[in-house]
Amino acid sequence: MKISASFLSSSNIPVDLKRLNETDVDYIHVDVMDGKFVSNKTMPFSEMKNIYKFTDKRLDVHLMVEDPKKYIPLYAELNTEYITFHVELMDHIEENLELIKSYGIKCGLAIKPNTPVKSLVPYLPLLDLILVMSVEPGQGGQSFIPETQHKLEEVRALLEAYHSDVMISVDGGIDDQTCKLCQDCDILTSGSYIIRSESFQEQINKLR
Ligand code: DX5
Ligand code: ZN
């Protein structure tokens, strides 16, 4: 199982990024919030881009924003493996997926807890990643929504039906218990469980 670590709940981002860099975590999950798609707002790109000073891990960027095309060219400049935005936006989805691909970066669609899996179907041929939200997007430290387990099974079944090799990621409330409900995933995204611990590596080992 691959692990992507979110630093959204960090109170000292440079220190925590350096500590994560010493682990074998696969990706750094970068949560970007615009204060519109979700009510919280993360720091501007001019500050976020300094991540490169503290980590050489590949980035897994999660855009919780209304207008992804404003952010895609910025985050494409960094050491980015995936850029993901939300299927609930409805408009310009293909266009934004193509924009991500035009930078040679893998593209993903995120899906909120109450959005039906079938909303992903039209985009499957374009996708590299599906990010299943196991909490309402907007903040770290929330509890895993148990129904996510069935949603993940549904996404896996959909991908099998379409003979698709799209990766599945889950995001929100992942710890050493809830990860057992996410066996249908390829990537576990975890924030506070890792960041609020003494040994980041020990927590990562428990999730794998
Ligand atoms: C929630 C974010 C998540 C979150 C994960 O809106 O997308 O990435 O930070 O953090 P935990 O693991 O604390 O739920
Ligand atoms: Zn996220």
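Excluded from the calculations below are hydrogen atoms, water molecules and symmetry mates; all remaining heavy atoms, backbone and side chain alike, are included. Numbering of ligands and ligand atoms starts at 1, following listing order. Model, not experiment: these values are computed from the prediction.
- Taking 4.0 Å as the cut-off between side-chain N and carboxylate O, Glu66 and Lys36 do not count as a salt-bridged pair.
- By the 4.0 Å N-to-carboxylate-O rule, Asp175 lies too far from Lys180 to be salt-bridged with it.
- Annotation: atom 14 (O) of ligand 1 to nearest protein heavy atom, Gly173 N, 2.8 Å.
- At a 3.5 angstrom cut-off on N or O pairs, Gly141 counts as close to ligand 1.
- In terms of distance to the Zn ion (ligand 2), the nearest N, O or S atom of His62 is named ND1.
- Looking only at heavy atoms of the protein, atom 2 (C) of ligand 1 is closest to Asp31 OD1, 3.4 Å.
- At under 3.5 Å, a nitrogen or oxygen of His62, whether backbone or side chain, sits near a nitrogen or oxygen of ligand 1.
- Of the charged side-chain nitrogens involved, none lies within less than 4.0 Å of a carboxylate oxygen, so that Asp60 and Arg58 do not count as a salt-bridged pair.
- Just one of Leu152, Ile187, Leu158, Leu131 meets the side-chain contact (heavy atoms from CB on, under 4.5 Å) condition when paired with Ile168; it is Leu152.
- Backbone and side-chain nitrogen or oxygen atoms of Thr189 are examined, and none is located within less than 3.5 angstrom of a nitrogen or oxygen of ligand 1.
- Ring centers of Phe85 and Tyr71: at least 6.0 Å apart, outside the cut-off.
- Remark: Lys106 qualifies as a cation-pi partner of Tyr82 under the 6.0 Å distance and 45° angle criteria applied to the six-membered ring.
- Between Ser190 and ligand 1, no pair of N/O atoms sits closer than 3.5 Å.
- Among all non-hydrogen protein atoms, the one lying nearest atom 8 (O) of ligand 1 is Asp171 OD1, 2.7 Å.
- Given atom 12 (O) of ligand 1, the protein heavy atom at minimum distance is Gly191 N, 2.7 Å.
- With ligand atoms numbered from 1 in the order given, ligand 1 contributes 8 (O) to contacts under 4.0 Å with heavy atoms of His29.
- The Zn ion (ligand 2) sits nearest to atom OD2 when only the N, O or S atoms of Asp171 are considered.
- In the vicinity of Gly172, heavy-atom distances shorter than 4.0 Å reach the ligand 1 atoms 14 (O).
- A cation-pi contact links Lys112 to Phe37, judged by a cut-off of 6.0 Å to the six-membered ring centre and 45° from its axis.
- The protein atom (non-hydrogen) at minimum distance from atom 13 (O) of ligand 1 is Ser192 OG, 2.5 Å.
- Counting non-hydrogen atoms of neighbouring residues, nucleotides and ligands closer than 6.0 angstrom, the OH atom of Tyr162 reaches no more than 12 such neighbours.
- With a 4.0 Å cut-off on non-hydrogen atoms, Ser6 touches ligand 1 through its side chain and not its backbone.
- Linking ILVMFWY side-chain heavy atoms closer than 4.5 Å, directly or via other members, places Ile195 and Leu59 in a single hydrophobic cluster.
- Within 6.0 Å of the NZ atom in Lys206, the count of heavy atoms belonging to other residues, nucleotides or ligands exceeds 12.
- In terms of protein heavy atoms, atom 6 (O) of ligand 1 is closest to Gly138 N, 2.7 Å.
- Only backbone heavy atoms of Gln139 (N, CA, C or O) come within less than 4.0 Å of ligand 1; its side chain stays farther off.
- Surrounding CG of Asp24 are more than 12 heavy atoms belonging to other residues, nucleotides or ligands, all under 6.0 Å away.
- Counting atoms of ligand 1 from 1 in the listed order, those under 4.0 Å from a heavy atom of Gly140 are 9 (O), 10 (O), 13 (O).
- Counting just the N/O/S atoms of Asp31, the one with the shortest distance to the Zn ion (ligand 2) is named OD1.
- Atom NZ of Lys41 has 12 or fewer heavy atoms from other residues, nucleotides or ligands within 6.0 Å.
- The shortest N/O to N/O separation between Glu136 and ligand 1 does not fall below 3.5 Å.
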